[in-house]
Amino acid sequence: LAAPLPAGTVEFLGRVGNDRVQEVFRAATIVCVPSRRDRSEGFPLTLSEALAVRTPVVCTDHPVIESTLVDGEGVAMVEAANPSAIAGAIHRLATDPTLYEKLSRSTPDALARLGGDVTFDELLAEWQMTWQPTAVSHTA
C-alpha cells in the first residue's frame with residue numbers, strides 16, 4: 001500500500017532493538033499504536049516510550065489505553081479498527097503545528113498518568129500481603 005507514495009514518505013524499520021527504541025521514537029514525527037478493542041493486551045510500552053521522548057502518539061480507544069490516557073494529552077485517541085480515523089488523526093497531527101505542539105508539550109502530563117511511582121519490591125510486598133491469612137474474629 002505504501003509503494004505508490006513518494007520516496008521517503010513512509011519507512012518500515014521492522015524490529016528495532018531496545019537499545020534503539022528511544023532514538024527511533026525521538027526521530028519519529030508520530031508514533032502510532034493501533035490496538036484493537038477485542039484483543040487482550042496489557043498497556044503497550046510503546047506508548048510510555050514515545051511519551052517519554054515527547055513524541056505525540058496516535059492511538060486507538062482500547063480499554064486499557066482509554067482507562068489511563070486522555071485524548072488531547074500527549075495522544076490523539078481514535079476509534080479502534082477504523083483505519084480512516086487513524087489516517088485522519090495522523091494527517092491532522094502532521095499538518096497542524098498548533099495541535100502537534102499541544103500534544104508534544106502535554107506528553108509529560110500523559111506520562112504522569114501512567115504512575116510508576118511504586119518500586120517492584122513494593123509491588124511484590126503488597127502482592128504477598130494478599131496471600132497472608134487474616135485473623136477472623138467471632139463475636140458471641
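The environment of CG in Asn18 is sparse: at most 12 heavy-atom neighbours from other residues, nucleotides or ligands sit within 6.0 Å. Within a 6.0 Å radius of CZ in Arg37, other residues, nucleotides and ligands contribute more than 12 heavy atoms.
Atom CD1 of Ile65 is separated from atom OG of Ser35 by 4.0 Å, given to the nearest 0.5 angstrom. Going from atom CG of Leu114 over to atom CG of Leu51 covers 6.5 Å, rounded to the nearest 0.5 Å. Rounding to the nearest 0.5 Å gives a distance of 10.5 Å between CG of Leu47 and CG of Leu111.
For His62 (side chain) and Arg39 (main-chain N/O), a donor-acceptor pair under 3.5 Å exists by modelled atom type. Using modelled atom types, no side-chain atom of Asp61 and backbone atom of Glu66 make a donor-acceptor pair closer than 3.5 Å. A donor-acceptor pair under 3.5 Å is absent between the side-chain atoms of Ser104 and the main chain of Tyr100, judged by distance alone. Between the side chain of Thr55 and the backbone N or O of Phe25, at least one donor-acceptor pair lies under 3.5 Å. Judged by distance alone, with hydrogens and angles left aside, the side-chain atoms of Thr107 form no donor-acceptor pair with the main-chain N or O of Gly74 at under 3.5 Å.
Follow the hydrophobic side-chain contacts under 4.5 Å out from Val21 and you reach Val75 in the same cluster. Criterion: ILVMFWY side-chain heavy atoms under 4.5 Å apart, direct or through other members. Under it, Val31 and Leu13 are part of a common hydrophobic cluster. Leu69 and Leu103 fall into different hydrophobic clusters, where Ile, Leu, Val, Met, Phe, Trp and Tyr side chains are chained together by heavy-atom contacts under 4.5 Å. Under the 4.5 Å side-chain heavy-atom criterion for Ile, Leu, Val, Met, Phe, Trp and Tyr, Val10 and Val16 are members of distinct hydrophobic clusters. Under a hydrophobic clustering in which Ile, Leu, Val, Met, Phe, Trp and Tyr are joined whenever their side-chain heavy atoms come within less than 4.5 Å, directly or via other members, Ile30 and Val57 fall into different clusters.
In plain terms, the two heavy atoms of Cys32 and Ile90 that are nearest each other are SG-CD1, 4.3 Å. Annotation for Leu93 and Pro56: closest pair CD2-CB, 3.8 Å, computed over non-hydrogen atoms. Minimum interatomic distance between Ala110 and Glu73 (heavy atoms only, all atoms of both residues): CB-O, 3.1 Å. Residues Pro34 and Ile86 share a closest heavy-atom pair of CB-CD1, 4.0 Å. Residues Arg36 and Ala80 come closest through the heavy atom pair CA-CB, 4.2 Å. Taking both residues in full, the closest heavy atoms of Val78 and Ala85 are given as CG1-O, 3.7 Å, listed atom of the first, atom of the second, then distance.
Between Arg105 and Arg54, some side-chain heavy-atom pair lies under the 4.5 Å cut-off.
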